[in-house]
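This report concerns only the one structure given below.
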2 protein chains.
Amino acid sequence: MSDRARHIPEATVARLPVYLRSLAELVDDKIATVSSERLAEMAGVNAAKVRKDLSYLGSYGTRGVGYDVEYLLFQMSRELGLTHDWPVAIVGAGNLGSALANYGGFTQRGFPVVAMFDADRAKVGRRVHGVLVHHTDDIVELAAELGIGIGVIATPASAAQDVADKLVAAGVGSVLNFAPTVITVPEGVSLRKVDLALELQILSFYQEHREPAG
Amino acid sequence: MSDRARHIPEATVARLPVYLRSLAELVDDKIATVSSERLAEMAGVNAAKVRKDLSYLGSYGTRGVGYDVEYLLFQMSRELGLTHDWPVAIVGAGNLGSALANYGGFTQRGFPVVAMFDADRAKVGRRVHGVLVHHTDDIVELAAELGIGIGVIATPASAAQDVADKLVAAGVGSVLNFAPTVITVPEGVSLRKVDLALELQILSFYQEHREPAG
DNA sequence: GGTTGTGAACAAATTCACAGCG
DNA sequence: CGCTGTGAATTTGTTCACAACC
């Protein structure tokens, strides 16, 4: 239907959730209208970028006035696919997987954790934050059955690619990888990664190269 | 000393740790030499990018042969500042902060967690994975005393900016923010963020816009 | 007057393609 | 002959600057 938003740049897509959060704050504060400048400040970017980014969604602002907070929030939620829930499965019920399951933020933001999987039979049958742990052998069958769209990988690196393959076989369209290894997914499946140690190593570089003091 | 690597692009810096991990795997497998093509495959990028990235570090390859794995690993570790440890403090001893402290990967990769901080007096004095929890009021004093270079923020969003300010006041040069909010640090301080819900929201966008099937 | 929306200018990052060297 | 290292071309992303509009 909406032919407006034809191909939004990746960099813009990655910023939309930040704007969304800012808009949610404004709603909480009962603020009805916001300028690109104010929104930029809240999102930690500059105003030109906000306007360019928002323009990909459509012309939702009013010149001389700004953007209607609630209207923009709604349009952005719709564009991000956040007007409905996306059931999520977490694979790996170890430290990290359990922490993710216990972290309420997922369910609260529309990503209910509906299943967990682990390769360790001793963990199968347990519940983490109310979510039942299944065996990884059952990913393909169960994830498909439960209509899981997004899979979260929180396994050791050695298991990650195999798990990703199973998730894809189950019809999962998006994968969020926490395992410290590169995994690949077929064309058409989205993949993002969060690598904790890697982030520290990047910071280490800048730490090492601070102010040449010359 | 080395005047070679004058200003490495950010995008390249963010990939260096991925190459580093690949090189470590090759060392484990007792492989002495690697081509840009092979390294690219392991790192999930293309060969041209590998060569361009590595060229910023210096001319460490041999034409017709490839790169000496151990030598490149050493040079890269040095460039990334990973030849010595970087003591880290984690602020926020809740679910996430505790999971991060318990996650052995940090210490193991040269980022020993030497202190934790929390605003809740009930948590102060406890130990998480052997690390003592202090009160956030003592960040400035203690972080400076302990020579902490990198601070990890794992607090609720509402506390994050205040904590960041304290860390900076303590002389911390790098901040890794897990709180779901935008924080700012002064010029010269490095900042990276990991936002779990945000990653899922980005995936939701692509999930929502899968295959227009036209 | 004030603020958006957007072409045009600029900057960063990626990819190509090949000379140069082992 | 094979593979690196790198200029040049291309693509992607950012910022400027201003016309259009409320």
Side-chain angles (χ1 to χ4, degrees), chain A residues 2-19 22-23 26 31-73 75-76 79 202 205-206, chain B residues 2-19 22-23 26 31-73 75-76 79 202 205-206:
Chain A
S2 107
D3 221 359
R4 202 72 49 80
R6 246 8 27 199
H7 237 49
I8 303 185
E10 274 192 42
T12 295
V13 171
R15 280 188 296 266
L16 293 181
V18 182
Y19 300 141
S22 305
L23 291 169
L26 291 167
I31 293 168
T33 300
V34 68
S35 66
S36 59
E37 187 134 20
R38 177 89 177 81
L39 194 49
E41 190 198 317
M42 295 180 77
V45 299
N46 68 46
K49 200 180 273 179
V50 168
R51 292 201 299 276
K52 179 73 79 169
D53 284 344
L54 296 186
S55 76
Y56 292 114
L57 303 180
S59 284
Y60 295 142
T62 308
R63 289 161 204 247
V65 178
Y67 302 88
D68 182 279
V69 173
E70 295 222 17
Y71 184 60
L72 185 57
L73 180 66
Q75 293 297 344
M76 200 176 288
E79 194 66 37
I202 294 170
F205 173 89
Y206 292 108
Chain B
S2 107
D3 221 2
R4 203 71 50 79
R6 252 357 37 191
H7 237 50
I8 303 185
E10 274 192 41
T12 294
V13 171
R15 280 188 297 267
L16 294 181
V18 182
Y19 301 141
S22 306
L23 291 169
L26 291 168
I31 292 168
T33 300
V34 68
S35 66
S36 59
E37 188 135 19
R38 177 88 178 83
L39 193 50
E41 191 198 316
M42 296 180 78
V45 299
N46 68 46
K49 200 180 272 180
V50 168
R51 292 200 299 277
K52 177 77 59 162
D53 283 344
L54 296 186
S55 77
Y56 291 114
L57 303 180
S59 284
Y60 296 143
T62 307
R63 289 161 205 248
V65 178
Y67 302 87
D68 181 278
V69 173
E70 295 221 18
Y71 184 59
L72 185 56
L73 180 65
Q75 293 298 343
M76 200 175 288
E79 195 65 38
I202 294 170
F205 173 89
Y206 292 109

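Atom set for the values below is all heavy atoms of this structure, side chains included, hydrogens, waters and symmetry mates excluded. Naming: A, B, ... by sequence-line order, numbering from 1 per chain. Just so it is clear, the model here is predicted, and its values are computed rather than measured.
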Gap between atoms CG and C1', on Leu72(B) and dT4(D) respectively (whole Å):
12 Å

Pair Asp68(A)-Thr62(A), side-chain contact (heavy atoms from CB on, under 4.5 Å): steps then yes or no
CA-CA 8 Å; Asp68(A) 182 279; Thr62(A) 308; over 6 Å; no

Lys49(B) NZ to dG5(D) P, straight-line distance once rounded to whole Å
18 Å

Between Val18(A) and Ala14(A) the two heavy atoms that sit nearest each other are CG2-O, 4.3 Å

Can you see which heavy atom on Val34(B) is nearest to which on Leu39(B), and at what distance?
CG2-N, 3.9 Å

Would you call Arg38(A) and Tyr67(A) a side-chain contact if the rule is heavy atoms closer than 4.5 Å?
no

If the cut-off is 4.0 Å, is Ser36(B) near the phosphate of dT4(D), judged by side-chain N/O to OP1 or OP2?
yes

Of Thr33(A), Leu54(A), Leu26(A), the residue whose pairing with Leu72(A) passes side-chain contact (heavy atoms from CB on, under 4.5 Å)
Leu54(A)

Shortest non-hydrogen pair, Pro17(B) vs Ile202(A), comes out as CG-CG1, 3.9 Å

Any idea which heavy atoms bring Phe205(B) and Glu79(A) closest together, and the distance?
CD1-O, 3.3 Å

Please evaluate residues Tyr206(A) and Val13(B) with respect to the criterion side-chain contact (heavy atoms from CB on, under 4.5 Å), reporting the C-alpha separation (whole Å), side-chain torsions for both, the decisive distance (0.1 Å), and the verdict.
CA-CA 9 Å; Tyr206(A) 292 108; Val13(B) 171; 3.7 Å; yes

Using heavy-atom distances to pick each residue's nearest nucleotide on DNA chain D, tell me which of Tyr67(B) and Lys52(A) is more 5'.
Tyr67(B)

Given atom CZ of Arg15(A) and atom P of dT12(D), what is their separation to the nearest angstrom?
15 Å

Would you say Arg63(A) places a side-chain N or O within less than 4.0 Å of OP1 or OP2 belonging to dC18(D)?
no

Return the value, rounded to whole Å, for the distance between atom CZ of Arg51(B) and atom P of dT4(D).
6 Å

Using a 4.0 Å cut-off to any heavy atom of chain A, which nucleotides of DNA chain C are the first and last in contact, reading 5' to 3'?
dG2(C) to dA8(C)

Can you work out whether Gly66(A) or Pro9(B) has the more 5'-proximal nearest nucleotide on DNA chain C?
Gly66(A)

For DNA chain C, what residues of residues 37-46 of chain A have any heavy atom nearer than 4.0 Å?
none

One pair to check against side-chain contact (heavy atoms from CB on, under 4.5 Å): Val45(B) and Asp53(B). What are the steps and the verdict?
CA-CA 11 Å; Val45(B) 299; Asp53(B) 283 344; 5.9 Å; no

Atom CG of Asp68(B) to atom P of dC3(D): distance rounded to whole Å?
16 Å

What is the distance from OH of Tyr60(A) to C1' of dC21(D), rounded to the nearest Å?
19 Å

